[in-house]
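These numbers come from the heavy atoms of this one structure, side chains and all, not from hydrogens, waters or symmetry mates. Since the structure is predicted, the reported quantities are computational estimates derived from the model, not experimental observations.
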Amino acid sequence: MMRAELDAAGITDPDLRLAYARCRELNARHGRTFFLATSLLARAQRPAVHALYGFARWVDDIVDVARPGESDADRAAALDAVAQELFAALDHGGSEAPVLAAVVDTALRHGLDRKLFEDFLRSMRMDLVITDYPDRAALDRYVRGSAEVIGLQVLPVLHTVVPAEVAAPHAGALGKAFQLTNFLRDVAEDLDRGRIYLPADELAAHGVDRDLLQWCRWRGCTDLRVREALAEQHAITRRVYRFARAGIPMLDPVSRPCVATAAVLYQEILDRIEAADFAVFTRRAVVGRWRRASVAGAGLARALWARRGGWVAPSRPARVRPAVVSTAGLRLPAQRGSAPPYATGGGA
């Protein structure tokens with residue numbers, strides 16, 4: 001399957017094909033839901049999406065998975081080295097490091113703004129030094145780089161039926177919605193890493209602080225105050241999804257089934273969190289294999305129909321400089337009671 005995808009995308013260099021295969025492997029291992037949705041894209045589109053998500057997963061592992069004896073300073077140095085090599089590769093047109101080779105090739109083929117990579121790496125650095133976020137604005141600054149930029153990077157691969165700048169806020173919002181879903185699902189896991197990805201002032205409004213969250217983690221229960229705070233975060237995330245979904249019809253018809261499928265499955269994670277009465281300290285909300293297959297099957301039928309409609313993803317986009325598409329100045333509409341809403345991303 002990977003060979004057919006690479007052929008369709010016009011990727012012929014043997015080393016580059018291996019690099020894309022490595023990214024596909026990373027995407028498959030870490031993000032079951034999104035990997036499944038990606039299979040609904042046209043073959044020519046898939047390698048670029050795998051490269052972008054594979055790169056994000058690879059860097060995330062540098063930050064989150066410490067090797068024996070490795071310090072935060074060591075991980076910061078490794079992250080700085082990745083950044084230096086990435087931007088040098090963007091300038092020079094390639095890299096010998098497999099994951100970087102694929103993502104740089106994708107960036108050049110699709111004209112991705114290098115500032116999106118700068119924002120992403122800045123948020124990854126935040127994970128090495130920041131463990132709490134005082135308010136929604138602070139969390140949004142993190143999510144801008146950790147998730148929103150992924151949606152913006154993928155947008156040129158998906159293609160749109162409206163100007164890209166019209167669809168961009170919705171693409172970013174979907175990345176944000178996925179990330180906020182992960183924050184709710186992974187409260188316990190993040191606590192174990194010493195992190196809280198929920199605005200402290202919004203928690204405090206319900207009488208919740210780090211100590212109470214940690215108590216819930218130790219006891220394996222959800223205090224009523226914590227449940228109310230999580231329910232509020234749940235409602236905020238639902239609003240972000242509503243805004244994000246309005247962007248799906250703006251995508252090319254061939255790309256819509258992939259994005260719609262991912263959105264449905266991630267929202268069902270929210271459904272399961274709510275159905276379990278926010279028992280996030282004792283169980284991890286998941287969408288079962290059969291349900292994922294059912295939703296993906298319906299998406300595949302829509303994808304095949306769209307492809308028969310005559311649109312074919314370009315097999316070999318022109319290689320252009322990476323600063324062609326700029327998202328500077330884009331803002332999402334404000335939500336009631338929060339900063340403007342903000343997507344890999346995140347695994348599920």
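Between Arg22 and Leu18 the shortest side-chain heavy-atom distance does not fall below 4.5 Å. With a 4.5 Å cut-off on side-chain heavy atoms, Asn182 and Tyr266 count as touching. Counting only heavy atoms from C-beta outward, the side chains of Ile269 and Val286 never approach each other to under 4.5 Å. Looking only at side-chain heavy atoms (C-beta outward), Ile11 and Pro47 come within less than 4.5 Å of each other. In this structure, the side chains of Phe55 and Phe117 come closer than 4.5 Å at one or more pairs of heavy atoms. Side-chain contact between Met124 and Phe120: present, with at least one pair of heavy atoms (C-beta onward) separated by less than 4.5 Å. Under the 4.5 Å side-chain criterion, counting only non-hydrogen atoms from C-beta, Arg238 is in contact with Glu274. The side-chain heavy atoms of Leu79 and Leu121, taken from C-beta on, include a pair separated by under 4.5 Å.
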Next item on the list: With side-chain contact (heavy atoms from CB on, under 4.5 Å) as the test, would you mind laying out the steps for Asp277 and Thr222 before giving the verdict?
Entry: CA-CA 9 Å; Asp277 202 27; Thr222 303; over 6 Å; no
Next item on the list: Could you check Ile196 against Thr131 for side-chain contact (heavy atoms from CB on, under 4.5 Å), going step by step and ending with a plain yes or no?
Entry: CA-CA 6 Å; Ile196 298 174; Thr131 57; over 6 Å; no
Next item on the list: Show your reasoning for whether side-chain contact (heavy atoms from CB on, under 4.5 Å) applies to Leu41 and Ser255.
Entry: CA-CA 6 Å; Leu41 292 172; Ser255 300; 4.2 Å; yes
Item checked: Evaluation steps, ring-ring contact (aromatic ring centres under 6.0 Å, His included), between Tyr20 and His50 -> CA-CA 7 Å; Tyr20 275 100; His50 290 316; 9.1 Å; no
Item checked: Intermediate values then yes/no, salt bridge (Lys or Arg N to Asp or Glu O under 4.0 Å), Asp119 and Lys115 -> CA-CA 6 Å; Asp119 289 347; Lys115 187 178 185 304; 3.1 Å; yes
Checklist line | Verdict with reasoning, Tyr53 to Phe35, per ring-ring contact (aromatic ring centres under 6.0 Å, His included) | finding: CA-CA 9 Å; Tyr53 273 81; Phe35 181 79; over 10 Å; no
Next item on the list: Please report the C-alpha distance between Val295 and Val287 in whole Å, then the side-chain angles of each, then the deciding distance to 0.1 Å, and finally whether the side-chain contact (heavy atoms from CB on, under 4.5 Å) criterion is met.
Entry: CA-CA 11 Å; Val295 174; Val287 178; over 6 Å; no
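The salt bridge (charged side-chain N to carboxylate O under 4.0 Å, His left out) test with Asp64 singles out one residue from Arg195, Arg75, Arg57, and that residue is Arg195. Of the listed residues (Gln45, Arg46, Arg43, Arg17), just one forms a side-chain hydrogen bond (donor to acceptor under 3.5 Å, both in side chains) with Glu5, and that residue is Arg46.
Of the inter-residue distances, the one linking Asp61 atom CG with Leu26 atom CG reads 7.5 Å to the nearest 0.5 angstrom. Put simply, CG on Leu270 and NE2 on His234 are 4.5 Å apart, with the number rounded to the nearest 0.5 Å. Leu230 contributes atom CG, which lies 6.5 Å from atom CG of Leu198 (distance to the nearest 0.5 angstrom). Between Gln179 atom CD and Leu174 atom CG the span is 12.0 Å, to the nearest 0.5 Å. A distance of 7.5 Å separates OH of Tyr142 from CE of Met126, quoted to the nearest 0.5 Å. Put simply, OG on Ser95 and CG on Asp105 are 11.5 Å apart, with the number rounded to the nearest 0.5 Å.
A donor-acceptor contact closer than 3.5 angstrom is absent between the side chains of Asp132 and Tyr197. Residues Tyr241 and Thr181 bring a donor and an acceptor atom of their side chains to less than 3.5 Å of each other. Asn27 and Arg24 are not linked by any side-chain donor-acceptor pair at a separation below 3.5 angstrom, with hydrogens and angles left out of the test. Judged purely by distance below 3.5 Å, without hydrogens or angles, the side chains of Gln214 and Arg219 never pair a donor atom with an acceptor atom. A donor-acceptor contact under 3.5 angstrom links the side chains of Ser71 and Asp74, judged on distance only. Tyr133 and Asp140 form no side-chain donor-acceptor contact under 3.5 Å, judged by distance and modelled atom types alone.
In terms of hydrophobic clustering, with Ile, Leu, Val, Met, Phe, Trp and Tyr side chains grouped at heavy-atom distances under 4.5 Å, Trp215 and Leu203 are assigned to a common cluster. When the side chains of ILVMFWY residues are joined at heavy-atom separations under 4.5 Å, either directly or via intervening members, Ile62 and Val129 end up in a single hydrophobic cluster. Both Val187 and Ile130 sit in one connected hydrophobic cluster of ILVMFWY residues. Membership requires side-chain heavy atoms under 4.5 Å apart, directly or through other members. Cluster annotation: Val259 is not connected to Val162 through the hydrophobic network of ILVMFWY side chains, with a link wherever side-chain heavy atoms come within less than 4.5 Å. Connection of Ile248 to Met250 is not established within any shared hydrophobic cluster, with ILVMFWY side chains joined at heavy-atom distances below 4.5 Å, either directly or through further cluster members.
Formation of a donor-acceptor pair under 3.5 Å by the Asp186 side chain with backbone atoms of Glu189 is not found in this model. The backbone N or O of Gln233 sits less than 3.5 Å from a side-chain atom of Thr237, completing a donor-acceptor pair. Under a 3.5 Å cut-off, the side chain of Arg256 and the backbone N or O of Pro249 do form a donor-acceptor pair. The main-chain N or O of Val149 is never found under 3.5 Å from a side-chain atom of Arg144 such that the two would form a donor-acceptor pair. Using a distance-only test at 3.5 Å, with no hydrogens or angles considered, a donor-acceptor pair links the side chain of Asp209 to the main chain of Leu212.
The two residues Thr282 and Cys221 have their closest heavy-atom pair at CG2-N, 4.4 Å. Closest non-hydrogen pair, His110 versus Ala48, comes out as NE2-CB, 3.8 Å. Across all non-hydrogen atoms, the minimal contact from Ala44 to Ala9 is O-CB, 3.6 Å. Nearest heavy atom pair, residue Leu155 against residue Thr160, reads CD1-CG2, 3.7 Å. Of all the heavy atoms in Asp252 and Val161, the pair that sits closest is CA-CG1, 4.1 Å. In terms of heavy atoms, Thr106 sits closest to Ala51 at OG1-CB, 3.4 Å.
Between Arg227 and Asp223 there is no salt bridge, since no side-chain N of the basic residue sits under 4.0 Å from a carboxylate O of the acidic one. Of the charged side-chain nitrogens involved, at least one lies within less than 4.0 Å of a carboxylate oxygen, so that Asp80 and Arg125 count as a salt-bridged pair.
The 12-atom threshold is not exceeded at CZ of Arg283, counting heavy atoms of other residues, nucleotides or ligands nearer than 6.0 Å. Applying the 6.0 Å contact sphere to CZ of Arg210 captures more than 12 heavy atoms from other residues, nucleotides or ligands.
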